[in-house]
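Structure first, commentary second.
The figures here come from the full heavy-atom set of this structure, side chains too, leaving out hydrogens, waters and symmetry mates. Since the structure is predicted, the reported quantities are computational estimates derived from the model, not experimental observations.
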Amino acid sequence: VTGVQTCALPIWYFRQYATETMQFEWCLIQPCLARKGMNAFMLHVDDLLFTGNLVFWRDVFLPTMQQKFSISFNVLGCEGSEIAFLKRRLVRLSDGIMVVPGTTVEKVLKCFEGLFGTVRVQKTPCEAGIQQEDQSQQLEPQDSSSYRSIIGLLLYLSRDRLDIMFTVKELSAAMSKPTLCALQRLKRLMGYLKFSGNIGLKLSFPEPGKGKRKEGCEMEWLLETYTDADWSSNKSHRKSTSCALHFLNGCYVHGSSRTQKVISLSSAESELHAMVSGCCDGLFIKRCAEFVFSAQVQHFQWTDNRDRKSVV
């Protein structure tokens with residue numbers, strides 16, 4: 001796996017060059033994905049993540065790119081080596097890869113405490129009443145701007161921190177008009193981050209046909225989607241929250257926590273919305289994985305609601 005930084009040129013020009021010189025084909029579902037045989041890469045503006053055959057990388061891909069672009073790169077080689085892509089650090093372990101969020105807890109805490117003072121250690125990211133109606137006073141303009149800045153950092157951090165994903169989602173809903181209550185809830189989250197510290201996400205080497213719950217499947221690649229919902233827990237607008245986790249051969253690949261667009265009239269309805277939302281994400285991941293692997297991916301959807309199964 002290799003991280004590359006290219007000069008800032010239009011994506012269409014880079015796509016055309018990679019297609020004409022090395023015969024890469026591009027994914028229709030995700031236009032930033034390209035493959036050629038067992039080699040693939042993902043492009044994001046001027047950053048590129050390559051995975052595949054080392055000989056092809058060294059003798060073909062890298063020299064071809066250097067003919068046209070000014071690039072810098074790092075290679076994820078032996079244990080302990082690391083690369084960075086989209087502010088995430090990928091660290092090689094003896095039995096897998098550690099994904100480290102690009103935004104550190106120390107950076108977020110330093111920013112918050114510099115603006116709002118020292119926080120006390122907390123063992124949970126939020127209290128049970130985080131979805132209660134907030135009628136407290138609105139913050140001053142300067143404090144409101146500081147609140148938004150902290151939430152912006154947390155949005156980067158929460159991509160790889162499932163333990164704070166829901167809390168950050170709730171706090172970000174107050175960004176338009178931050179209040180004293182929202183600030184207190186943010187302060188509690190800061191206390192939890194001080195307690196938990198930095199947490200990375202370990203991706204173990206996958207075993208063919210083995211997932212979190214499914215084993216012995218005929219196909220080599222197995223995608224499992226787990227969904228759930230809380231029915232109308234938010235007391236302000238009575239909308240439910242959908243959550244979903246996706247695992248590819250037992251390795252976590254994506255998670256989401258979203259406020260539903262409609263007000264559900266039953267728990268089965270809220271669970272159904274969560275299932276549909278998770279299934280849509282799962283189908284997108286499935287199509288991208290099938291493109292990269294050039295192989296079929298078997299997709300399973302897991303739910304704990306019997307009524308939702310009956311509706312489906």
Side-chain angles (χ1 to χ4, degrees), residues 5 8 44-47 82-91 98-202 230 233-237 239-243 252 254-260:
Q5 186 174 30
H44 182 81
V45 190
D46 62 342
D47 288 331
E82 65 178 68
I83 61 173
F85 183 67
L86 300 183
K87 294 190 176 183
R88 289 185 176 101
R89 290 168 47 226
L90 307 179
V91 183
M98 179 70 74
V99 180
V100 182
T103 302
T104 64
V105 168
E106 290 80 11
K107 179 180 178 180
V108 180
L109 280 172
K110 182 180 178 180
C111 184
F112 182 88
E113 292 184 334
L115 295 168
F116 299 108
T118 306
V119 298
R120 296 169 53 187
V121 171
Q122 301 288 341
K123 293 188 177 181
T124 56
C126 64
E127 75 282 357
I130 191 172
Q131 291 185 303
Q132 297 290 336
E133 190 172 0
D134 182 4
Q135 296 180 339
S136 60
Q137 183 181 350
Q138 189 173 336
L139 296 178
E140 295 296 326
Q142 184 175 354
D143 290 339
S144 296
S145 178
S146 301
Y147 179 93
R148 297 185 186 101
S149 298
I150 301 298
I151 295 298
L153 292 173
L154 289 172
L155 288 171
Y156 272 107
L157 186 62
S158 64
R159 295 181 305 170
D160 307 305
R161 289 286 299 264
L162 303 182
D163 53 336
I164 66 171
M165 187 178 292
F166 168 76
T167 306
V168 173
K169 187 265 293 186
E170 290 295 323
L171 294 176
S172 63
M175 287 182 68
S176 61
K177 296 180 179 180
T179 63
L180 289 173
C181 184
L183 180 59
Q184 289 301 313
R185 292 167 177 171
L186 177 60
K187 192 171 184 178
R188 183 185 182 92
L189 176 58
M190 291 297 105
Y192 172 75
L193 291 177
K194 180 179 281 190
F195 168 75
S196 62
N198 291 303
I199 298 177
L201 183 66
K202 182 182 177 181
D230 63 342
S233 292
N234 192 293
K235 307 306 179 185
S236 299
H237 48 63
K239 293 179 181 179
S240 308
T241 296
S242 300
C243 69
Y252 169 80
H254 180 64
S256 63
S257 178
R258 303 184 182 116
T259 300
Q260 295 180 3

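Note that CZ of Arg185 and CG of Leu180 are 11.5 Å apart. Values are rounded to the nearest 0.5 Å. With rounding to the nearest 0.5 Å, the separation of CZ in Arg161 from OG in Ser196 is 4.0 Å. Here CD1 of Ile164 is found 6.0 Å from CG of Leu154. Values are rounded to the nearest 0.5 Å. Annotation: the span from Arg258 atom CZ to Cys243 atom SG amounts to 10.5 Å, rounded to 0.5 Å.
A donor-acceptor contact shorter than 3.5 Å links the side chain of Ser158 to the backbone of Leu155. Within the 3.5 Å criterion, the main-chain N or O of Asp230 finds a donor-acceptor partner in the side chain of Ser240.
A pairwise comparison of heavy atoms in Pro101 and Ile199 identifies CD-O, 3.6 Å as the closest pair. Closest non-hydrogen pair, Pro178 versus Ser176, comes out as CD-C, 3.7 Å. When all heavy atoms of Cys126 and Ile130 are compared, the pair lying nearest together is CB-CD1, 3.6 Å. Taking each heavy atom of Leu86 and Arg159 in turn, the nearest pair found is O-NH2, 3.4 Å. Shown here for Leu139 and Tyr147, the closest heavy-atom pair between the two residues is CD1-CB, 4.4 Å. Minimum interatomic distance between Val105 and Gly197 (heavy atoms only, all atoms of both residues): CG2-O, 3.5 Å.
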Original post:
Would Leu115 and Cys111 count as a side chain to side chain contact (heavy atoms under 4.5 Å, CB included) if you check the C-alpha gap in whole Å, the side-chain angles of each, and the deciding distance to 0.1 Å?
Top reply: CA-CA 7 Å; Leu115 295 168; Cys111 184; 4.2 Å; yes
**OP:** Report the C-alpha separation of Val99 and Leu90 in whole Å, then their side-chain angles, then the decisive distance to 0.1 Å, and conclude whether the side chain to side chain contact (heavy atoms under 4.5 Å, CB included) test is met.
**Re:** CA-CA 5 Å; Val99 180; Leu90 307 179; 3.9 Å; yes
Original post:
Stepwise, does the side chain to side chain contact (heavy atoms under 4.5 Å, CB included) test hold for Gln135 with Thr179?
Top reply: CA-CA 8 Å; Gln135 296 180 339; Thr179 63; over 6 Å; no
Original post:
Could you go step by step and tell me if Leu109 and Met190 meet the side chain to side chain contact (heavy atoms under 4.5 Å, CB included) rule?
Top reply: CA-CA 7 Å; Leu109 280 172; Met190 291 297 105; 4.1 Å; yes
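Within 6.0 Å of the OH atom in Tyr156, the count of heavy atoms belonging to other residues, nucleotides or ligands does not exceed 12. In this structure, Lys235 places its NZ atom where more than 12 heavy-atom neighbours from other residues, nucleotides or ligands lie under 6.0 Å away. Annotation: Glu133, atom CD; neighbour count of heavy atoms from other residues, nucleotides and ligands within 6.0 Å is above 12. For NE2 of His237, the number of neighbouring non-hydrogen atoms (other residues, nucleotides, ligands) closer than 6.0 Å is greater than 12.
Residues passing the ring pair (Phe, Tyr, Trp, His ring centres under 6.0 Å) test with Phe195: none are found, sequence neighbours excluded. Applying the ring pair (Phe, Tyr, Trp, His ring centres under 6.0 Å) criterion to His254, with sequence neighbours excluded, gives His246.
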Can you list, pair by pair, the side-chain donor-acceptor contacts under 3.5 Å of residues 166-175, counting residues two or more places apart and other chains?
residue : atom : partner : partner atom : Å
Lys169  : NZ   : Thr241  : OG1          : 2.8
Lys169  : NZ   : Thr259  : OG1          : 3.1
Glu170  : OE2  : Gln131  : NE2          : 3.2
Ser172  : OG   : Val168  : O            : 3.1
Ser172  : OG   : Lys169  : O            : 2.8

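For the pair Lys187 and Phe116, the cation-pi test (distance below 6.0 Å, angle within 45°) is failed.
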